[in-house]
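Written below as structure tokens is the structure these notes are about.
The figures that follow rest on heavy atoms only: side chains count, while hydrogens, waters and symmetry mates do not. Only a predicted model underlies this, so the values are computations on that prediction, with no experimental measurement involved.
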Amino acid sequence: AFYEFNQDKFIFWLIRAAESGNTQAQHDLAYIFFDHYQDSKDKNKLNEAGKWALLAQKNGMSITTYSLIYIERLILLKED
């Protein structure tokens, strides 16, 4: 699959699409960065997931699909 073999390029172009307002790209980035966070426990990945999830929600995606990302992000921000 393209994502597996060209991950850096895939993420680069997906971010460009999301920055241009593509809601599906924002949605996909939320899940990708959340997966990266689960693997690495890197707070930056969780923050990126939260950022894209909230943008996707603002643009019409259901927030219920992002509830766990949002809650975990808030918990980590309060720990700092």
Side-chain angles (χ1 to χ4, degrees):
F2 181 80
Y3 174 72
E4 292 176 29
F5 297 113
N6 297 297
Q7 184 175 7
D8 292 338
K9 287 182 182 180
F10 175 78
I11 298 293
F12 173 84
W13 288 112
L14 198 58
I15 289 171
R16 295 302 162 263
E19 290 173 340
S20 296
N22 184 299
T23 305
Q24 186 63 54
Q26 294 165 351
H27 169 273
D28 293 349
L29 282 171
Y31 277 98
I32 290 168
F33 280 114
F34 189 66
D35 284 345
H36 288 183
Y37 163 73
Q38 289 180 315
D39 291 339
S40 69
K41 299 302 180 203
D42 179 350
K43 287 187 210 179
N44 292 326
K45 301 295 183 190
L46 184 61
N47 289 336
E48 282 292 308
K51 176 181 91 173
W52 292 116
L54 292 174
L55 271 174
Q57 184 265 336
K58 180 181 173 186
N59 290 319
M61 287 281 191
S62 173
I63 193 64
T64 58
T65 58
Y66 302 112
S67 294
L68 292 176
I69 294 170
Y70 186 69
I71 291 167
E72 283 196 72
R73 184 172 183 231
L74 288 176
I75 291 168
L76 286 175
L77 289 174
K78 288 182 181 182
E79 289 178 354
D80 286 344

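Atom CG in Asp42 sits 10.0 Å away from atom CD in Glu48 (nearest 0.5 Å). Within the model, atoms CG of Leu14 and CG of Asn22 stand 8.0 Å from one another, a figure rounded to the nearest 0.5 Å. Atoms NZ and CG, from Lys51 and Leu46 in turn, are 13.0 Å apart once rounded to the nearest 0.5 Å. The line from CG of Leu55 to OG1 of Thr23 is 9.0 Å long, rounded to the nearest 0.5 Å. Rounding to the nearest 0.5 Å places CD1 of Ile32 at 11.0 Å from NZ of Lys45.
Using a 30° and 60° split on the angle between ring planes, His36 and Phe33 fall in the perpendicular class, above 60°.
Judged purely by atom type and a 3.5 angstrom limit, Gln26 uses its side chain to pair as donor or acceptor with the backbone of Ala18.
Applying the salt bridge (Lys or Arg N to Asp or Glu O under 4.0 Å) definition to pairs two or more places apart or across chains, those involving residues 17-27 are Arg16-Glu19.
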* Could you walk me through whether Gln24 and Asp28 pass the side-chain hydrogen bond (donor to acceptor under 3.5 Å, both in side chains) test, one step at a time? => CA-CA 6 Å; Gln24 186 63 54; Asp28 293 349; 2.9 Å; yes
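The side-chain hydrogen bond (donor to acceptor under 3.5 Å, both in side chains) check on Asp35 picks up nothing, with sequence neighbours excluded.
Taking both residues in full, the closest heavy atoms of Ala30 and Ala53 are given as CB-N, 3.7 Å, listed atom of the first, atom of the second, then distance.
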